[in-house]
Amino acid sequence: MGNEMKRCIILGSAPVEDGGIFDRFHAKDAFLICADGGMDTARKYGIQPDLLIGDFDSMQGSLPDGIETIRLKPEKDDTDLLAAVREGLQRGYQEYILLGALGGERFDHSYANLCVLQFLAHEGCRAVLAEKGTYIFLLREGQTEPLLQLRGATFSAFPFGCPDCTVSYEGMQYPLTRKPLRSDFPLGVSNRILSDQAAVTVHQGEMLGIVYQP
């Protein structure tokens, strides 16, 4: 990558209730991009971003001095978060953590950010969308995700962008072996992780995985 910091954290405009999430993802060791109103959250928790990007229509305060800033036109096809991801890709980052990308007042924005997660998967990147106690990732056909040290957490799986996906689970209360999950029947909701060495594999289609750890 030609870059010592291999991870890119992108901070969106949705509220972040727990500032400890920045420590859990080692924000100081990552390249941090604030997408539009994410700068307000960075100020709140004393986080110093490396880059600001957006049309800044949702940011409450003024733009700070001394931080690289890319100002976008309000009339654009990309969301601010997707624009931040594209900028990260141009700079060579292949691992992404999306914070401040769920919740808020707009469900359509949250759903659009799930689409950004899928975009990153299609680019061959590792990515997780996280908020307090919730971690979301997307797996494509042939991929396996270890779910380590998550005993007691809840795991849900749904096809995403396709009518069905075929999955296998290990280390869960309700194990599955090459089981089709359909978009019109939420069979994959609320499983329980019983092992510290659990895993999920996607054999066909694309799957959105959601871990909830209160």
Side-chain angles (χ1 to χ4, degrees), residues 6-10 12 14 25 35 77-79 81-86 88-89 93-104 106-131 133-214:
K6 297 182 179 180
R7 291 179 304 110
C8 181
I9 294 178
I10 298 179
F25 285 106
D77 292 331
D78 289 351
T79 64
L81 197 82
L82 181 54
V85 162
R86 290 190 192 276
L89 289 170
Y93 293 97
Q94 292 293 304
E95 183 176 348
Y96 290 84
I97 298 155
L98 309 180
L99 306 177
L102 284 176
R106 298 280 299 272
F107 175 76
D108 55 342
H109 287 180
S110 294
Y111 191 90
N113 293 335
L114 296 178
C115 298
V116 173
L117 197 65
Q118 187 177 47
F119 171 81
L120 282 167
H122 288 184
E123 291 293 317
C125 299
R126 290 183 58 82
V128 61
L129 194 160
E131 65 171 6
T134 300
Y135 308 93
I136 304 175
F137 58 92
L138 189 136
L139 294 183
R140 306 184 71 192
E141 183 174 325
Q143 293 182 323
T144 297
E145 179 71 15
L147 302 172
L148 306 179
Q149 307 301 317
L150 289 170
R151 186 195 302 262
T154 298
F155 174 75
S156 297
F158 307 97
F160 192 78
C162 53
D164 57 72
C165 62
T166 303
V167 304
S168 294
Y169 299 159
E170 297 177 16
M172 300 197 195
Q173 183 176 1
Y174 305 107
L176 298 178
T177 302
R178 293 186 176 271
K179 177 71 175 180
L181 300 180
R182 303 198 324 256
S183 61
D184 61 350
F185 180 61
L187 177 67
V189 71
S190 295
N191 210 324
R192 178 73 64 178
I193 298 175
L194 300 181
S195 169
D196 287 330
Q197 304 294 322
V200 57
T201 298
V202 176
H203 305 286
Q204 173 271 323
E206 298 188 9
M207 181 210 78
L208 200 67
I210 305 172
V211 175
Y212 176 63
Q213 193 175 31

TODO: Answer yes or no: is there a side-chain heavy-atom contact under 4.5 Å between F137 and V200?
DONE: yes

Task: Nearest heavy-atom neighbours spanning C162 and S183 - done: O-CB, 4.0 Å

Task: Donor-acceptor contact present, side-chain Y96 to main-chain L89, <3.5 Å - done: yes

TODO: Side-chain contact test, heavy atoms from C-beta onward, threshold under 4.5 Å: evaluate it for L208 versus I136 and give yes or no.
DONE: yes

Open item on the list: Just to verify, which of R178, K179, H203 counts as forming a side chain to side chain donor-acceptor pair (under 3.5 Å) with S168?
Closed with: H203

Task: Short side-chain to backbone donor-acceptor contact, R151 and L194, under 3.5 Å - done: yes

TODO: Evaluate side chain to side chain contact (heavy atoms under 4.5 Å, CB included) for L120 paired with V85, printing each intermediate quantity in order.
DONE: CA-CA 8 Å; L120 282 167; V85 162; 3.4 Å; yes

Task: Test side chain to side chain contact (heavy atoms under 4.5 Å, CB included) applied to Q94 and R7, step by step - done: CA-CA 7 Å; Q94 292 293 304; R7 291 179 304 110; over 6 Å; no

Open item on the list: Could you report the tightest heavy-atom contact between A198 and G171, atom names first, then the distance?
Closed with: CB-O, 3.9 Å

Open item on the list: Could you measure the distance from the CD atom of Q149 to the OG atom of S195? Nearest 0.5 Å is fine.
Closed with: 9.0 Å

Open item on the list: Salt bridge check, R126 against E145: does any charged N sit closer than 4.0 Å to a carboxylate O?
Closed with: yes

- [ ] Kindly give the heavy-atom pair with the smallest separation between R140 and V202, and that separation in Å.
- [x] O-CB, 3.6 Å

Open item on the list: Would you say that L176 contacts L181 through its side chain, given a criterion of any heavy-atom pair below 4.5 Å between the two side chains?
Closed with: yes

- [ ] Assess whether side chain to side chain contact (heavy atoms under 4.5 Å, CB included) is satisfied between Y111 and R106, documenting all intermediate values.
- [x] CA-CA 9 Å; Y111 191 90; R106 298 280 299 272; over 6 Å; no

TODO: Compare all side-chain heavy atoms of V128 with those of F25 and state whether any distance is below 4.5 angstrom.
DONE: yes

Task: Separation between SG of C125 and CZ of F119, rounded to the nearest 0.5 Å - done: 8.0 Å

TODO: For atom CD of E170, decide whether the heavy atoms of other residues, nucleotides or ligands shown that lie under 6.0 angstrom number more than 12.
DONE: no

TODO: To the nearest 0.5 Å, tell me how far D196 CG sits from L150 CG.
DONE: 8.0 Å

Open item on the list: For a quick check under 3.5 Å, do T79 and H109 share a side-chain donor-acceptor pair by atom type?
Closed with: no

- [ ] Might you work through the side chain to side chain contact (heavy atoms under 4.5 Å, CB included) test for L187 and Y174, ending with a clear yes or no?
- [x] CA-CA 11 Å; L187 177 67; Y174 305 107; over 6 Å; no

Task: Heavy-atom closest contact (R192 atom, G152 atom, distance) - done: NH1-O, 2.6 Å

- [ ] Working to the nearest 0.5 Å, report the span between CG of L117 and CG of L129.
- [x] 6.0 Å

Task: Where at least one partner belongs to residues 138-159, residue pairs that pass ring-ring contact (aromatic ring centres under 6.0 Å, His included), sequence neighbours excluded - done: F155-Y169

Open item on the list: Could you measure the distance from the CG atom of L102 to the CG atom of N113? Nearest 0.5 Å is fine.
Closed with: 7.0 Å

Task: Heavy-atom pair of closest approach, residues D78 and A83 - done: CB-N, 4.2 Å

Task: Heavy-atom check, side chain of Q197 versus side chain of L148, under 4.5 Å - done: yes

- [ ] Measure the CD-CG distance between Q143 and L138 for me, rounded to the nearest 0.5 Å.
- [x] 8.0 Å

Task: Non-hydrogen atoms of L139 and T144 that approach each other most closely - done: CD1-C, 4.4 Å

Task: pair L147-Y135: side-chain heavy atoms closer than 4.5 Å - done: no

